[in-house]
Number of protein chains: 2
Amino acid sequence: MSPTPARTSRDAIVAAARSLLEEEGLDAVTMANVAARVGVRPPSLYKHVRDRGALIAAVADEAARDLGLLMDEAVGAVSGEGADARLLRAAVAFRVHAGRSPRSVALVFAGLGGNLQPSVEMAAVAARPLLEVSAELAGPDRALVAARALTAFAYGFCSMEQGRAFRFGGDVDDAFRAGIEALIRGLAA
Amino acid sequence: MSPTPARTSRDAIVAAARSLLEEEGLDAVTMANVAARVGVRPPSLYKHVRDRGALIAAVADEAARDLGLLMDEAVGAVSGEGADARLLRAAVAFRVHAGRSPRSVALVFAGLGGNLQPSVEMAAVAARPLLEVSAELAGPDRALVAARALTAFAYGFCSMEQGRAFRFGGDVDDAFRAGIEALIRGLAA
DNA sequence: ACCTGAACACCGTTCAAGT
DNA sequence: ACCTGAACACCGTTCAAGT
């Protein structure tokens, strides 16, 4: 019975912003581009999201949720596998994900130049799987410290790799593997 | 004898862009803001820099040079100090620097959303001190791998810290120290 | 040789007016 | 209740015109 039914939705808007981010970068996530993708004029977006910042924060939240699901799966126990082997698998999965969706990963961890972040709740969901295996590796009282170190390394490495910061030759796959193994070894000791 | 002497210079322009970046963020580095700081109209800037991208790349180069000088100093041998202790000092110095100049650091390592980077030459200068101590720690043939791991951890950690990504409590200083020590231990083994 | 105002094609955002 | 065109204050960049 509404005078005019909604011609788009918040979900469609966030999805359009998300694909724009991944395909063309944060600069391409303009209200004009998003509006065009959902078939509406830019001012109409403000009926569904507060402003561009809130839209990008919503994208960050979705990206964090997906990352959490991915980690949950990657970390799943395989018969007879120790915490070290499971963390190595999780790190490799994270790197593959970062290679496929570099801008989403940057958005989740560093806000991509803006000050937007996922909500604490979503961050907690995304972090849980890693925290559990970290507790196995380093003990419950050092789980947070270990998870932070592993995340810092993996995110830092992939962020630099995607930003083409490794420009002195050498085997990048090797550096990632050696680094994560050294860190896991050091944290378990 | 020039018809009109230059009222500004490339150096002054880059310096203005740099302070704008650190004080207000990359979005504030507009041609209008930079021009106002050097006392000129925006179109005049194009006589000194190709475009905004080239200006930001020049800022990245200066930031990389400064970081290299800082690392060179931090890594300097103290009597009887091993490679592990020197790397720990370098990492702590890097973190202090990242706390003071977070946006410059982000620009050097990840391009800050744009695709700008320091030149390879400047990156090589900035990386040399770390590579030398890494060779001491892990042996010459593993120096690059070790330096990459240490950089990835330190940059990732500080980037997350500055982006307020550590939101589950705990001692962040402790996490940094434990992480870098674990990594150094693992790389030396 | 450098600087300038005017212009162009864009932004994000607001708001009164339509349906 | 949602969508729209028009408007406002901004961008980066180009260019002919000034000195």
Candidate nucleotides [options], ranked by approach to the side chain of [X] - the nearest:
X     : options               : result
B:R52 : C:dT13, D:dT4, D:dG12 : D:dG12
B:T30 : D:dC3, D:dC11, C:dC2  : D:dC11
B:K47 : C:dC2, C:dT14, C:dG12 : C:dC2
B:P43 : D:dT14, D:dG12, C:dC3 : D:dT14
B:M31 : D:dT4, D:dG12, C:dC11 : D:dG12
A:H48 : C:dG5, D:dG12, D:dC2  : D:dC2

Grab the [atom1]-[atom2] distance between [X] and [N] for me, whole Å please.
X     : N      : atom1 : atom2 : result
A:R50 : C:dT14 : CZ    : C1'   : 15 Å
B:L55 : D:dC11 : CG    : P     : 15 Å
B:E24 : D:dC11 : CD    : P     : 11 Å
A:L45 : C:dC15 : CG    : P     : 17 Å
B:Y46 : D:dT14 : OH    : P     : 7 Å
B:R10 : C:dA1  : CZ    : P     : 19 Å
A:L26 : C:dC11 : CG    : P     : 14 Å
A:R41 : D:dA7  : CZ    : P     : 16 Å

* Are B:R18 and B:D11 ion-paired here, with the side-chain N under 4.0 Å from a carboxylate O? -> no
* Asked: Taking 4.0 angstrom as the limit, do B:R142 and A:D174 come out as a salt bridge?
  -> yes
* To do: Take A:F166 and A:F176 through the test ring pair (Phe, Tyr, Trp, His ring centres under 6.0 Å) and record every step on the way to the result.
  => CA-CA 11 Å; A:F166 296 138; A:F176 184 77; 9.8 Å; no
* Distance under 6.0 Å and angle within 45° of the ring axis: does A:R95 meet both against A:F157? -> no
* Asked: Considering every strand shown, what is the Watson-Crick or G-U wobble mate of D:dC11 when both distances are under 3.5 Å?
  -> none
* To do: Go ahead and name the base partner of C:dT4; Watson-Crick or wobble counts if both distances stay under 3.5 Å, otherwise write none.
  => D:dA16
* To do: Given side-chain contact (heavy atoms from CB on, under 4.5 Å), test A:V172 with B:R148 step by step and report yes or no.
  => CA-CA 9 Å; A:V172 176; B:R148 278 173 173 167; 4.2 Å; yes
* Asked: Can you tell me if the side-chain N/O atoms of A:S44 get under 4.0 Å from OP1 or OP2 in D:dC2?
  -> no
